[in-house]
Amino acid sequence: MFSSAYVWAKVINYLEEQVPTSSSYFDDAEVIELNEEQLIIHSPSEFRRDFIVRRLAPYIQEALKEIFQSDAKLLVFGEKELQDYRSKGKQITTMDFNPQFSFQNFVVGPSNRFAHGAAIAVTNTPGQVYNPLFIYGPPGVGKTHLLYAIANGIRKNNPGANVVYIKGDQFTNELIDAIQTGKNIEFRSKYREADLFLIDDIQFIAGKESTQEEFFHTFNKLYEEHKQIVMTSDRKPSDMLTLEDRLKTRFEWGLLADIQPPDYETRMAIIKNKATSLALELGDDICNYIANNVTNNVRQIEGTVKKLRAYVDLNGMELTLENVTRAISDMFKSEGNALPTPNLIISQVCKFYSIDESVLRGTLKNKGTAEVRQVAIYLIRKLTNLSTPDIGKELNKDHSTVLYSIKKVESALKSGDASLKNHIRDITANINSCL
């Protein structure tokens, strides 16, 4: 039987042949189940889910039919469908990591060489050096790529290794589900029996007491048994203001490795590598233009090249510097001018406090929900240019409620509420990391 990694790689390659740049719609997708009967994908983005269902579903099913010689069913889950799937006792199958995320495909430069070397070291000798490995840096610089490359490398060296991957906010959500359904033992077994434990965006467990308690004991058991732990974050442990000191200390036991945005030479190498992989011929003048103007992160650089591939395929655009300048001008933004949207702020507040957005936008009036809603209102007022009536529309509240919420949070901050102050700082950092 084919491995899931092989099948998924074949599906992605087939899609790229039929609809160039289509693989970008799976950047944040997670394969939940993959076999000859069905493929279940979870994507947190409604836009991407819609595009996958409308445009890509026929091609995906064609690829599956070619591999399995049967009509495999395709399901694309949002958050609600995924929760329903879990609540019915369905076990998420272990999915091999996309083989495209390898050390060979990682462009090394001065900004990431240290983290890259550390990742290779833990892959070759898991649990023996640099345990835990804590990789931190801004979004889109390659942290998750290294995380997946470690997983792929260890599975290649030891196919029977129990590799467990989770995101920080998902760890919290699974813990809540386990408590509600009385499956604490199963939850603990899943993570504490791992040979390699990978956790992405660990910063999202900060400020959550029960999650930190559970993670503390999970960390201790794995560490004592010399199991490799690798974490990524958008900031170093000492900058996580609401993270317990005992966890900060443990995160620093191994090695802290930061990744910064790529320098000019590395950006040029990334552009040329991506263009080659997409069979796109870019002149040096075009590569230089992109490298000088798209500087934020690797993800944005690769997205720019993918966009050019789409322009060539869909519009027959000639790749001249003038045409490229027009095509990608909307991808540039001035440093410091980007404002978060109300939806982004609300989503990050809900993620931080582990509250569903529908609850925050609803009419529930218990104390806990009201306080979280006040924080969301305060941050929208502080971080955007929206008027108080417009803020009210975002959360279905009247003008007086918005004013009261802002004054309530401001008053608490002025009175020295250290806990709230730290929460505001951490949530603001999470919001800024998404821009």
Side-chain angles (χ1 to χ4, degrees), residues 28 44 79 136-140 143 167-173 175-176 199-212 215 231-245 247-248 251 336 338-362 364 366-386 388 390-392 394-395 397 401-402 404-435:
D28 59 353
E79 295 297 331
Y136 68 95
K143 301 187 300 295
K167 291 185 177 181
D169 57 313
Q170 291 176 346
F171 187 84
T172 298
N173 292 336
L175 175 59
I176 293 171
I199 182 160
D200 219 350
D201 293 326
I202 189 67
Q203 72 270 12
F204 286 118
I205 76 167
K208 300 178 176 69
E209 293 182 9
S210 296
T211 303
Q212 291 183 94
F215 191 83
M231 297 170 278
T232 72
S233 173
D234 64 356
R235 71 205 78 156
K236 58 182 182 289
S238 60
D239 289 341
M240 297 182 199
L241 301 176
T242 54
L243 185 70
E244 293 178 359
D245 288 339
L247 284 176
K248 289 181 184 179
F251 291 176
L339 294 177
T341 63
N343 285 338
L344 173 60
I345 294 171
I346 292 170
S347 70
Q348 290 302 316
V349 169
C350 289
K351 183 178 287 188
F352 185 86
Y353 289 107
S354 299
I355 290 179
D356 191 89
E357 286 188 37
S358 62
V359 174
L360 202 68
R361 296 178 189 272
L364 193 63
N366 65 61
K367 182 181 178 182
T369 303
E371 290 176 350
V372 174
R373 190 179 291 120
Q374 288 165 4
V375 170
I377 290 172
Y378 169 80
L379 284 171
I380 294 174
R381 180 61 171 170
K382 180 184 177 183
L383 301 176
T384 75
N385 296 324
L386 263 65
T388 49
D390 287 337
I391 295 173
E394 291 291 337
L395 288 158
K397 299 299 172 185
T401 301
V402 172
Y404 173 80
S405 298
I406 295 170
K407 290 179 180 178
K408 186 77 182 293
V409 175
E410 288 177 342
S411 176
L413 293 173
K414 287 179 182 178
S415 67
D417 188 331
S419 177
L420 178 61
K421 184 178 181 181
N422 289 338
H423 286 184
I424 294 291
R425 284 183 179 177
D426 273 2
I427 296 170
T428 302
N430 292 341
I431 292 167
N432 289 336
S433 73
C434 295
L435 297 178

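The first residue in the sequence is number 1, and the count goes up from there. Small disclaimer: the values here were computed from a predicted structure and weren't measured.
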Subject >> Where at least one partner belongs to residues 416-425, residue pairs that pass salt bridge (Lys or Arg N to Asp or Glu O under 4.0 Å), sequence neighbours excluded >> reply: none

Indicate the atoms forming the closest heavy-atom contact of [X] with [Y], along with that distance.
X      : Y      : answer
Ile202 : Ser233 : CG2-CB, 3.6 Å
Thr384 : Pro340 : CG2-O, 3.3 Å
Ala376 : Leu395 : CB-CD1, 4.4 Å
Thr172 : Ser354 : CG2-OG, 3.0 Å
Ala412 : Leu420 : CB-CD2, 3.6 Å
Lys248 : Ser238 : NZ-O, 4.1 Å

Taking the side chain from [X] and the backbone from [Y], do they hold a donor-acceptor pair closer than 3.5 Å?
X      : Y      : value
Thr232 : Asp201 : yes
Arg235 : Gly137 : no
Lys143 : Met231 : no
Arg373 : Arg361 : no
Gln212 : Glu244 : yes

Value rounded to 0.5 Å, distance of [atom1] in [X] from [atom2] in [Y]:
X      : Y      : atom1 : atom2 : result
Ile380 : Leu344 : CD1   : CG    : 10.0 Å
Ile199 : Gln170 : CD1   : CD    : 9.5 Å
Asp239 : Leu241 : CG    : CG    : 7.0 Å
Gln203 : Asp426 : CD    : CG    : 9.0 Å
Ile377 : Thr401 : CD1   : OG1   : 7.0 Å
Leu360 : Glu394 : CG    : CD    : 11.5 Å

Original post:
Run the side chain to side chain contact (heavy atoms under 4.5 Å, CB included) check on Ile355 and Val349 step by step: do they pass?
Top reply: CA-CA 8 Å; Ile355 290 179; Val349 169; over 6 Å; no

Subject >> For Tyr378, all residues meeting ring-ring contact (aromatic ring centres under 6.0 Å, His included), sequence neighbours excluded >> reply: none

Subject >> Check: Ile345 and Ile427 side chains under 4.5 Å, non-hydrogen atoms >> reply: no

Original post:
Would Lys167 count as a cation-pi partner of Phe204, with NZ or CZ less than 6.0 Å from the six-membered ring centre and within 45° of the ring normal?
Top reply: no

Subject >> Matching residue for Tyr353 among Lys208, His423, Glu371 - test: side-chain hydrogen bond (donor to acceptor under 3.5 Å, both in side chains) >> reply: His423

**OP:** Tell me yes or no: between the side chains of Asn343 and Thr341, is some donor less than 3.5 Å from an acceptor?
**Re:** no

Original post:
Going through the distances and angles, do Leu243 and Ile205 end up as a side chain to side chain contact (heavy atoms under 4.5 Å, CB included)?
Top reply: CA-CA 8 Å; Leu243 185 70; Ile205 76 167; 4.3 Å; yes

Original post:
Does the pair Val372 and Val359 meet the rule for a side chain to side chain contact (heavy atoms under 4.5 Å, CB included), with working shown?
Top reply: CA-CA 10 Å; Val372 174; Val359 174; over 6 Å; no

Subject >> Gln374/Tyr404 under side chain to side chain contact (heavy atoms under 4.5 Å, CB included): CA gap, chis, key distance, verdict >> reply: CA-CA 8 Å; Gln374 288 165 4; Tyr404 173 80; 3.8 Å; yes

